[in-house]
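Here is the structure we will look at.
Nothing here was measured: the structure is a model prediction, and the numbers come from that model. First the proteins, then the strands, lettered A, B, ... as listed; each starts at 1. For the numbers below, each heavy atom of this structure counts, side chains included, while hydrogens, waters and symmetry mates do not.
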4 protein chains.
Amino acid sequence: MATARKRLTRDESQAQTRERILLAARAVVARNGFAGASVRDIAEEAGYSQGALYSNFSGKEPIMLELLRQHMREEAEQLQAIVKGSDGAASLDRLGTWAGTLNSEVDWSMLALELQLLAHRSPTFAADYDEVHEAHAKNLGQIVAEFYRSLGREPQLDPRELAAGCMALAHGLALQRRKDSEAPAGRLIMTFLGALLADAKPSESPGSEDRET
Amino acid sequence: MATARKRLTRDESQAQTRERILLAARAVVARNGFAGASVRDIAEEAGYSQGALYSNFSGKEPIMLELLRQHMREEAEQLQAIVKGSDGAASLDRLGTWAGTLNSEVDWSMLALELQLLAHRSPTFAADYDEVHEAHAKNLGQIVAEFYRSLGREPQLDPRELAAGCMALAHGLALQRRKDSEAPAGRLIMTFLGALLADAKPSESPGSEDRET
Amino acid sequence: MATARKRLTRDESQAQTRERILLAARAVVARNGFAGASVRDIAEEAGYSQGALYSNFSGKEPIMLELLRQHMREEAEQLQAIVKGSDGAASLDRLGTWAGTLNSEVDWSMLALELQLLAHRSPTFAADYDEVHEAHAKNLGQIVAEFYRSLGREPQLDPRELAAGCMALAHGLALQRRKDSEAPAGRLIMTFLGALLADAKPSESPGSEDRET
Amino acid sequence: MATARKRLTRDESQAQTRERILLAARAVVARNGFAGASVRDIAEEAGYSQGALYSNFSGKEPIMLELLRQHMREEAEQLQAIVKGSDGAASLDRLGTWAGTLNSEVDWSMLALELQLLAHRSPTFAADYDEVHEAHAKNLGQIVAEFYRSLGREPQLDPRELAAGCMALAHGLALQRRKDSEAPAGRLIMTFLGALLADAKPSESPGSEDRET
DNA sequence: GATGAATGAGTGTTCATTCAT
DNA sequence: CATGAATGAACACTCATTCAT
């Protein structure tokens, strides 16, 4: 182990530190929320000094933003995988399964919302946040459009808006404190989504569920 | 003025103080958000000392909770008025108009979400919050049910869940920082809602007039 | 003593706290200089919490500024007393004696200079500092003018400038680290002053007794 | 380029690095003052790492001290040139011109004073500072003596003291934040100096012309 | 009931310096 | 010799809350 450590180049070592800090931030934010995640706590959780944190990030906000970016990347990849390369019906099934896991995403939703709240208050931060958010919305929009297409449907609205709506719904629901007996957020989301799809008019290209590529 | 004051009974005077503090809290929260609304600021805005605030509320959280209660009450009343005593089509129209004003509700959405976030972190607060939230969801659920009924439709889900979904969607959208050029949140909400209604199967009891389209 | 404490009204108590904080600040600044006088240290020296300090002053700078104001007031009073109500020759003597004590003023000179340095860097602070400085210069200028008059001399320059020059000289000298064997700053100042007076042309109005040499 | 570099011996290269760091330090100090000149900023400005700075200097203070030494050397050379090899009257003229440029010397005065302040607080630094200061005072003292002699005057005091007084006056004035409308520091210095010279008694050895007002 | 001075634990951030690479 | 990531102690300042008046 010690030997393994010694073999790290400077760049590798730094990347490792960055990653560890982000991991620690993830954990602390999950525990205490954004506002409750102090730089002190994050550094401690990561096993570094506070200064080390400032050597790798220019402040608290950039850390959080990076966290969000990471999550969005993962999310987009997952959705991409669900929608891509298969017929629409199967996609819908898998989407339902995926949505069912969203319950465990409470922490991420909290982070996403807290950063949105912060963006409403700090113009400096808003600029950075908006960029990340906008990119993600555009990204998801394309996935949504593809999904509609694979089901032979025409989106009622700009796909980006639909995607944004789904994000809003998902985050909002994730946050709602509901008794375990109640339906999971995933089911509710699928109900909304199902209704939207059912209500969408068929696309001109007479694809229906047999389109391809 | 002085005389007018003197006529107040002790209870009335205290109620007035409470109300003033709540009003001030509303203003400060709108300005700075929940986390940015310090007790000092609220007291100052209200024209009282910090101590006075603690004489009327047991802390910062109860104030915020009361604020949320007030807002929920108002919201329920507005929705009640929209749905009650008229045919479904007209209701739908008025609901669209009302949803269009939600853009200006950013402050409330922020407060609602910040309190939800707090509830996720503080078990003590969660107890109180859940009570308020639950009551509101039940309340809205009844309104939703009534709405579906007036349109001759059968809800796909527990009305309480549908209501919760709409709240989540509304709050989530209100928070999203979108460029003015884009569609307002209201339109998006109505699209989701319209799809849900269109997708709902007619109720057995042919309650009201059939629906359009 | 305990009883004496209890008799303090709120205002008195606050004034006492303020005074204690200023006294503590004086001590800490003397020990460590302005930059080295941390709010923590001052609060500790005063026997209060840091928060107490912020209840009484809006920050570190205002404390220092108040300290400077106090000192300037005292200095002006001393000089006033020296110059006023006596013939010029006696004044000159007493001025020399007084200047001889300036060696012990190192701390004050350091404070004055550090604040001047700060004013050069912080525009916010500069505004406040300039006001204090300007007032003192004007004040001293009048005293200098009076002094010249009592000696039957005409100042070569705007008295305010002469005063400012003396202040600069005094502060600059106080700061110079000289071996104790050397002449005290006071003597040097008196040499400069003596030369200035000797070189000044007599005023037209034969005000007082003629001067020496 | 690479070849040019290669031609430097180790010593030359190091000397170059040192010089670049000092130049950078000069710039940063001018911009932000002594306290505001962080090692990081200096290293960055110089285009080196922080570590490089510590390879060439043993800390921040030695850099500053070296800066001061450089400045003092330049100052002494300038004064030497003014006084040496010409009659007293012309010297006085040129001295006045030179003093008029002191306004632009704010940065140096600030550095000099900040180092003096530091010397008052840190005994370790004081030792080094005193040495530099003492050497300069002696140096200037000789120049002052020469100046008096060239004017056929006898200094009232140890020339070293007179020189120190002028430095103190110059630094103190440079720091004073005065409105542009007021007289420049140079004029004030010349007034003081003129008075001193006028008041000095002629030297026995009838050195040069004995001018008067 | 109202006051607001005082508390004490907390915040994000900076910095001169060190040392493994 | 140069690097710059990491340190650790320090910094000014904020805040919800308490309690003697």
Next on the checklist: Does C/Gln50 reach a base, just sugar-phosphate, or nothing at all? Heavy atoms under 4.0 Å.
Outcome noted: base
Checklist entry - Looking for any heavy atom pair under 4.0 Å, which part of the strands does A/Ala35 touch: base, sugar-phosphate only, or nothing? => result nothing
Item to check | Distance, rounded to the nearest Å, where D/Arg18 contributes CZ and F/dC1 contributes P | outcome: 13 Å
Next on the checklist: Please report the distance, rounded to the nearest Å, between CZ in C/Arg40 and P in E/dG10.
Outcome noted: 13 Å
Next on the checklist: Can you see if the side chain of C/Ser55 gets near the phosphate of E/dA5 - specifically, an N or O under 4.0 Å from OP1 or OP2?
Outcome noted: no
Checklist entry - To the nearest Å, how far apart are D/Tyr54 OH and E/dA16 P? => result 7 Å
With a 3.5 Å cut-off and sequence neighbours excluded, list the donor-acceptor pairs that the side chains of residues 50-57 of chain B form with protein atoms.
| residue | atom | partner | partner atom | Å |
| --- | --- | --- | --- | --- |
| B/Ser55 | OG | B/Gly51 | O | 3.3 |
| B/Asn56 | ND2 | B/Ala52 | O | 2.8 |

Item to check | Inter-residue atom distance A/Arg18.CZ - A/Glu66.CD, 0.5 Å rounding | outcome: 5.5 Å
Checklist entry - Given A/Phe34, which of A/Val28, A/Leu115, A/Leu67, A/Leu117 fulfils the side-chain contact (heavy atoms from CB on, under 4.5 Å) condition? => result A/Leu115
Checklist entry - Which dot-bracket string describes DNA chain E (Watson-Crick N1-N3 plus N6-O4 or O6-N4, or G-U N1-O2 and O6-N3, all under 3.5 Å; [ ] crossing; | other strand)? => result .||||||||||||||||||||
Checklist entry - Taking atom P of E/dA6 as reference, at what distance in whole Å does atom CD of C/Gln14 sit? => result 6 Å
Checklist outcome for this item: The nucleotide from E/dT7, F/dA6, E/dT13 with an atom nearest the side chain of C/Ser49 is E/dT7
Next on the checklist: Is the phosphate of F/dA2 approached by D/Asn56 (side-chain N or O, under 4.0 Å from OP1 or OP2)?
Outcome noted: yes
Next on the checklist: At 4.0 Å (heavy atoms only), tell me whether D/Ala37 reaches a base, stays on the sugar-phosphate, or touches nothing.
Outcome noted: sugar-phosphate
Checklist entry - A/Ala15 near the nucleic acid: base, sugar-phosphate alone, or nothing, with a heavy-atom cut-off under 4.0 Å? => result nothing
Checklist entry - Which part of the nucleic acid, if any, lies within contact of A/Val39, taking any heavy atom under 4.0 Å across all strands shown: a base, the sugar-phosphate backbone alone, or nothing? => result base
Checklist entry - Roughly, in whole Å, what's the span from CG in C/Leu53 to C1' in E/dA5? => result 13 Å
Next on the checklist: Strictly below 4.0 Å: does B/Thr17 bring a side-chain N or O up to OP1 or OP2 of E/dA2?
Outcome noted: yes
Checklist entry - Checking all strands, does B/Ser38 fall into the base, sugar-phosphate, or nothing category for heavy-atom contacts under 4.0 angstrom? => result sugar-phosphate
